[in-house]
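First comes the structure, then the notes that go with it.
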Amino acid sequence: TRSTRPQRLLKAVQKNATRGDPQSVISAIDHFCRHSEWAMNIGDEKVVNELNPEKVLELGTYCGYSTVRIARLLPPGARLITLEFNGDYAAIARQVIAWAGLEDKVQLVEGASEDWIPRMKEHFGIETFDLVFLDHWKDRYLPDTKLMEDCGLLRKGTVLLADNVICPGVPDYLQYVRNSLSYKSCYFKSHLEYTKAEDGLEKSVFLG
Ligand SMILES: C[C@H](C[C@H]1O[C@@H](n2cnc3c(N)ncnc32)[C@H](O)[C@@H]1O)NC(=O)c1cc(-c2ccc(F)cc2)cc(O)c1O
Ligand SMILES: [Mg+2]
């Protein structure tokens, strides 16, 4: 059978990127997406701010592109936990993360966000997160944000960074973080990865 897009993305990484060099992995995936195929990553325009977080949670790993983008910026000892419920994608992402040499900073968990958010404390010994990157099914952003609040995983100053708030769009989530007194929210206009369509990131700081 014909290979899948994630499998072709992984091949492009193994062919064009240098083991242990995260930047070369990012460039290989950018090149693959921009010139050969479109994949649902955060694009090379949506730069993740230098927040210097110690504890990061990513919802929706896909092929691990944004995982590598974030993890390469983490200081020594910092950790990124990323959740992906599609086993095929998780298998690809694991190899992309390993190729970048970031496996000791990244913990990829194969499972659904709604099942694993309540287990962060007892299973990973996580008190609170410094940064959460929301990039999974768009109708899960709001329920999972409320779940993280209820599980006490957000602290004063935790940053929620939500991808695709315009395209495909997350209207219920935007309405919540922009009107809730518990968040200070701002929008970073960008483009849907590798296209001219408008998209953007919403950055929301939890006020406690
Ligand atoms: C949702 C996907 C990303 C991944 O998330 C995993 N996932 C899901 N729900 C859960 C969960 N509840 N727990 C754990 N993992 C979970 C999944 O399996 C995908 O691998 N991303 C997108 O769909 C996505 C789509 C577009 C896009 C834009 C314009 C178009 F015309 C079409 C598509 C752009 C983007 O930038 C995206 O990110
Ligand atoms: Mg996305």
Side-chain angles (χ1 to χ4, degrees), residues 3-10 13 26 29-30 32-34 36-49 56-71 80-97 106-120 123-124 126 129 131-151 153 159-174 176-177 187-204:
S3 68
T4 65
R5 181 179 299 138
Q7 284 166 337
R8 291 196 294 277
L9 181 145
L10 174 62
V13 166
I26 292 165
I29 295 174
D30 281 344
F32 172 82
C33 296
R34 199 181 279 288
S36 49
E37 304 204 10
W38 181 83
M40 49 184 168
N41 297 306
I42 64 164
D44 46 3
E45 286 177 57
K46 296 182 199 168
V47 179
V48 178
N49 300 335
V56 182
L57 175 63
E58 176 181 58
L59 304 177
T61 317
Y62 191 42
C63 293
Y65 174 77
S66 49
T67 319
V68 171
R69 279 193 81 97
I70 296 169
L80 189 159
I81 295 173
T82 183
L83 305 181
E84 172 54 58
F85 68 15
N86 179 308
D88 298 332
Y89 296 161
I92 297 285
R94 230 178 270 287
Q95 295 174 76
V96 168
I97 292 158
V106 176
Q107 220 154 342
L108 192 155
V109 178
E110 191 177 327
S113 53
E114 53 273 27
D115 299 335
W116 280 92
I117 285 171
R119 302 175 60 190
M120 282 297 152
H123 202 270
F124 294 102
I126 295 274
F129 284 105
L131 168 65
V132 182
F133 182 58
L134 296 97
D135 193 20
H136 55 336
W137 287 150
K138 312 313 166 193
D139 63 359
R140 291 296 321 170
Y141 283 30
L142 182 53
D144 282 346
T145 296
K146 291 183 171 171
L147 185 58
M148 287 187 285
E149 288 173 15
D150 298 345
C151 296
L153 288 169
V159 170
L160 302 188
L161 205 49
D163 192 25
N164 312 118
V165 295
I166 301 299
C167 175
V170 279
D172 60 343
Y173 173 81
L174 279 189
Y176 178 71
V177 289
Y187 173 67
F188 291 82
K189 185 176 171 342
S190 178
H191 288 96
L192 179 65
E193 47 267 44
Y194 316 110
T195 71
K196 287 286 157 268
E198 175 176 341
D199 192 13
L201 288 165
E202 186 81 1
K203 177 182 170 190
S204 309

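If you're wondering where the values come from, they're calculated on a predicted model, not measured in any experiment. Start at 1 and go down the list; that is how both ligands and their atoms are numbered.
- With sequence neighbours excluded, the residues that form a side-chain contact (heavy atoms from CB on, under 4.5 Å) with Pro143 are Arg140.
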In sequence, state the C-alpha distance, the side-chain angles, and the governing distance for Ser66 and Glu58, and then conclude on side chain to side chain donor-acceptor pair (under 3.5 Å). CA-CA 9 Å; Ser66 49; Glu58 176 181 58; 2.6 Å; yes
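- Separation of atoms CG (Leu161) and CG (Leu134) is listed at 8.5 Å; rounding is to 0.5 Å.
- Looking at Glu84 next to ligand 1, an N or O pair under 3.5 Å apart turns up.
- Heavy-atom contacts of Ala112 reach the following atoms of ligand 1: 13 (N) (cutoff under 4.0 Å).
- Residue contacts with ligand 1: Tyr89 is placed with no nitrogen or oxygen under 3.5 Å of a nitrogen or oxygen of the ligand (distance criterion only).
- Among the atoms of Asn86, none of the N or O lies under 3.5 angstrom from an N or O of ligand 1.
- The shortest side-chain heavy-atom distance between Ile92 and Gln7 falls under the 4.5 Å cut-off.
- For Asn164, every heavy-atom contact with ligand 1 shorter than 4.0 Å involves the side chain, none the backbone.
- The ligand atoms of ligand 1 that sit less than 4.0 angstrom from a heavy atom of Gly111 are 13 (N), 14 (C).
- The six-membered or imidazole ring of Phe85 lies away from that of His136, with a centre-to-centre distance of 6.0 Å or more.
- Ligand 1 lies nowhere less than 4.0 angstrom from a heavy atom belonging to Ala197.
- Taking the six-membered ring where tryptophan is involved, the planes of Trp116 and Phe124 are tilted, since the angle between them lies from 30° to 60°.
- Those atoms of ligand 1 with a heavy atom of His136 less than 4.0 angstrom away are 1 (C), 5 (O), 7 (N), 8 (C), 9 (N), 10 (C), 11 (C), 12 (N), 16 (C).
- Residues Tyr141 and Asp135 have side chains in contact (heavy-atom distance under 4.5 Å, counting atoms from C-beta outward).
- In this structure a side-chain-to-backbone donor-acceptor pair under 3.5 Å is present from Arg8 to Ser3.
- Geometry about the Mg ion (ligand 2) gives an angle of 90° between OD1 of Asn164 and OD1 of Asp135, rounded in steps of 10 degrees.
- Among Trp137, Tyr65, Tyr62, the residue whose heavy atom lies nearest to atom 8 (C) of ligand 1 is Trp137.
- When only interatomic distances are considered, the shortest N/O to N/O separation between Arg140 and ligand 1 does not fall below 3.5 Å.
- Of all the atoms in ligand 1, the ones that sit under 4.0 Å from a non-hydrogen atom of Cys167 are 29 (C).
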Could you check Tyr65 against Asp30 for side chain to side chain donor-acceptor pair (under 3.5 Å), going step by step and ending with a plain yes or no? CA-CA 9 Å; Tyr65 174 77; Asp30 281 344; 2.4 Å; yes
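- The atom of Asp163 that is an N, O or S and sits closest to the Mg ion (ligand 2) is OD2.
- In terms of polar-atom proximity, Ser113 is counted as a contact of ligand 1, with an N or O under 3.5 Å from an N or O of the ligand.
- Without hydrogens or angle criteria, Thr82 side chain to Leu108 main chain gives no donor-acceptor distance under 3.5 Å.
- Residues Tyr173 and Asp139 have side chains that never bring a donor and an acceptor to within less than 3.5 angstrom of each other.
- Here's the thing with Asp163: one of its N/O atoms is less than 3.5 angstrom from an N/O atom of ligand 1.
- Below 3.5 Å of separation, one finds no N or O of Pro168 facing any N or O of ligand 1.
- Look at Tyr62 and the Mg ion (ligand 2): no N/O/S atom of the residue is under 2.8 Å from the metal.
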